[in-house]
Amino acid sequence: MAQVTLNSVRKVYPNGVEAVTSSSFKIEDGEFVVLVGPSGCGKSTLLRMIAGLEDITEGTLEIGDRVVNNVDPADRDIAMVFQNYALYPHMTVRKNIAYGLKNRKTPADEIERKVAEAAKMLNLEEYLERKPSQLSGGQRQRVAMGRAIVRDPALFLFDEPLSNLDAKLRNQMRIEIKALQRRLGVTSIYVTHDQVEAMTMADRIIVLNGGRIEQIGTPSEIYHNPASVFVASFMGAPPMNLIDATITGGQVTLADGVAMGALQTSAQGAVKLGIRPEDVQLVSEGGVSINVELIEELGAHRLLHGKLGGQPFTIHVLKDIPVDPGAHQISVDPAAICLFDAASGMRL
Amino acid sequence: MADQTHVQTPRRSINWGAIGDHTVLILGSLFMLVPLIMVVLTTTVPDVDIIKYGPQLKIGDQFDDNFEKAMFEASGFSGANTGMRMLFNSFVLGIGFALGKILIAMMAAYAIVYFRLRFATLAFWVIFTTLLLPLEVRILPSYEVVQQLGMLNTYQGLIIPLIASATATFFFRQFFRSVPEELVEAARIDGAGPVKFFIDILVPLSKTMIAAMFIIMFVFGWNQYLWPTMITTEEDMYTLVRGIKQITQTLEGTNVPEFGRANLLAVIAILPPVAVVIFFQSWFVKGLTESDK
Ligand SMILES: Nc1ncnc2c1ncn2[C@@H]1O[C@H](COP(=O)(O)OP(=O)(O)O)[C@@H](O)[C@H]1O
Ligand SMILES: [Mg+2]
């Protein structure tokens, strides 16, 4: 078990691309941290530096109490699960799982015991003599997990491990991985571009954008208090409504002159209002008017898409509230509105 | 009611296209096979008949005799080059060359693909340009080197200079480059060092490729003529391919050339490459077309 500490870690690839700008954070022992962000934002680079598969250009990385910048991946006491599983195709499941132990000169009977234990935990017992090519995607994923857990490492690293599975299996594996991590209590860093995975699995989320950390926080903090327009729009499905507005003396006016009422804020001038679709209520009178153009039926709830002050706006309503397209009145709890600087996109 | 429909065989119209195709194929294979059949039949007729009437397409009774002579009776002066000896030498050359080449090529390709060597790309292209310099082009300097090293009439002298060329290195390089990066990284994290990775992962993954290379290289080595002719002057080092020539040559003059014996050696010389190809062919196709990475 170990905590992971990054001090001003930075990565510049030999071709001059700065994939990760100077980043610092600490991951506590036993914590499940998800690195999330759009493709190309530097998630894998960060993870691979922690794994030791990429050199660290600047800064120090500590796993446990030692600085591991120059420690070989094999000696960092980590295990990694890859996107394409990276199973050895010519070895049986048993040999795949045992390979890391064998290389570490673990006694044969102990290997035997540990492999059996891992196989049991992952429901792989009947597949131990098969080759990876004879397994389904989900089973391969489990073998990759097995290979990680038999080693009993201080740190698990996952690089988009579920992105090759279909949606149903992904949901199932998500829960399995999370449960397994809980049970083993091993510190884990999990990379994904899928905000649902991030929200559901993480103890804490690190949101990356363009090689920079946008925000670090619990799923609830990230969801309810996004630090920037980027985080607000990236996390949550449907995303937060972001509309241009002007504040003068606490009075909010939308871009085309519609008055939204008063807010307790010292902010002045051009801002972006961030409003989660579920923080909006339909009211019969006295609200702001909106024209609902399209209704998305999602079973347990509906999404109403329309325009507010000429800008796209989405409202989340529960299934037993009947709504038709057309003009409606809405009200928003002022406490649920996030204000962002119009120019920088940062939270005010 | 019973089903009354008549099952009428449809009248097949004559497919002229297929007939044309097959005619071409049959003629083509006859064209390829007749000389081969003639060689085989020649081993059974008396040499005198061949002198008198030319190559024969009949089956005679001399096979046993010729086989005995070809395989166990020495020709030449020292009496060392029986068919058996030459067959053995050919196997040493074919197998030694194929294995040596595969080993060297795999290791060279491994170094080029997996290690950040300072001049890896340059090294690769230097190796690659040797494709333009087959042994025949550099035969005099090669001979000189082998002679200086005192390796004339040795197996090393026969095999090593032939190994020095890039074909297999090139194939293995392409193959290694197609091995997923993740696999290399997984092995690194699993604690496999460079040697372990090579032996535990890369070699087993390459086995179809190795088989394909083995066929090509074995046949190539087996069929060498020019180099063995230059490098082996002692008769007990002759390979089959060069030995056959020797038999018809030494017996020119007043004697009847031993056509039967020479042709029998030719048949024997054909068999091992054919056997290798048949034995390895499924691997061969796999190695060149797919891989189970
Ligand atoms: N080996 C490399 N050499 C140069 N640039 C790279 C290399 N690997 C990744 N990059 C660049 O670094 C950035 C981050 O890549 P990556 O960490 O793979 O992103 P992510 O995993 O978030 O999709 C991208 O712009 C990518 O093009
Ligand atoms: Mg990635």
Side-chain angles (χ1 to χ4, degrees), chain A residues 14 44 47-55 71-92 95-106 111 131-134 140 143-148 150-151 153-161 163-164, chain B residues 102 106 109-110 112-122 172 174-214 280 282-293:
Chain A
S44 296
L47 193 76
R48 292 163 52 80
M49 284 194 286
I50 297 171
L53 298 170
E54 292 290 349
D55 292 334
V71 176
D72 195 76
D75 302 325
R76 288 191 184 196
D77 201 10
I78 54 164
M80 185 154 169
V81 177
F82 294 86
Q83 179 170 1
N84 297 310
Y85 321 131
L87 302 179
Y88 311 119
H90 59 291
M91 293 186 194
T92 59
K95 289 197 172 137
N96 260 286
I97 296 179
Y99 189 62
L101 293 175
K102 195 174 137 238
N103 287 339
R104 287 178 172 75
K105 309 256 183 301
T106 314
I111 293 182
K131 296 267 178 75
S133 59
Q134 299 161 319
R140 286 181 210 187
V143 178
M145 291 289 304
R147 196 165 63 177
V150 274
R151 294 243 326 276
L155 177 63
F156 282 148
L157 303 173
F158 301 86
D159 193 351
E160 311 222 8
S163 56
N164 285 348
Chain B
I102 287 168
M106 282 188 84
Y110 184 50
I112 289 168
V113 173
Y114 287 102
F115 294 87
R116 261 178 248 151
L117 304 174
R118 186 175 280 261
F119 298 113
T121 319
L122 180 70
F172 279 113
Q174 296 310 97
F175 180 78
F176 290 169
R177 281 162 65 106
S178 73
V179 172
E181 189 72 15
E182 281 191 351
L183 212 55
V184 184
E185 293 173 348
R188 264 185 87 186
I189 293 178
D190 264 345
V195 176
K196 267 216 175 97
F197 177 71
F198 186 68
I199 294 169
D200 287 352
I201 314 274
L202 220 43
V203 171
L205 281 183
S206 313
K207 59 180 194 260
T208 50
M209 191 71 189
I210 291 172
M213 284 296 120
F214 184 83
F280 278 115
S282 66
W283 290 66
F284 183 71
V285 175
K286 261 202 217 157
L288 296 185
T289 55
E290 60 172 75
S291 61
D292 59 348
K293 283 178 302 258

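Chain naming here is simple, since letters A, B, ... match the order of the sequence lines and numbering starts at 1 in each. Computed from a predicted structure; not experimentally measured.
Looking only at heavy-atom pairs under 4.5 Å with chain B, the residue among Gly52(A), Ala51(A), Gly100(A) that has the most is Gly100(A).
Annotation: ring pair (Phe, Tyr, Trp, His ring centres under 6.0 Å) contacts of Phe119(B) (sequence neighbours excluded): none.
For Asp72(A), the part sitting under 4.5 Å from any heavy atom of chain B is the side chain, from C-beta outward, and nothing else. Heavy atoms of Leu87(A) lying under 4.5 Å from chain B belong exclusively to its backbone. Proximity to chain B (any heavy atom under 4.5 Å) is shown, for Lys95(A), by neither the backbone nor the side chain. In this structure, chain B has a heavy atom under 4.5 Å from the backbone of Ala79(A), while its side chain stays farther away. Residue Arg76(A) does not touch chain B at all, counting heavy-atom pairs closer than 4.5 Å.
Side-chain atoms of His90(A) do not come within 3.5 Å of backbone N or O of Val203(B) as any donor-acceptor pair. Although no hydrogens or angles enter the test, the distance criterion places a donor-acceptor pair under 3.5 Å between the side chain of Arg104(A) and the main chain of Asp190(B).
With contacts defined as side-chain heavy-atom distances shorter than 4.5 Å, the pair Gln83(A)/Glu182(B) qualifies. For the pair Tyr99(A)/Ile201(B), a side-chain contact is recorded, criterion being any heavy-atom separation below 4.5 Å from C-beta on. At least one side-chain heavy atom of Pro89(A) sits under 4.5 Å from a side-chain heavy atom of Leu205(B).
Put simply, NZ on Lys196(B) and CG on Asn103(A) are 4.0 Å apart, with the number rounded to the nearest 0.5 Å. Once rounded to the nearest 0.5 Å, the distance linking CZ of Phe82(A) with CD1 of Ile189(B) reads 4.0 Å.
There is no side-chain donor-acceptor pair under 3.5 Å between Asp200(B) and Tyr88(A).
Closest heavy-atom contact between Ala74(A) and Gly191(B): CB-CA, 3.6 Å.
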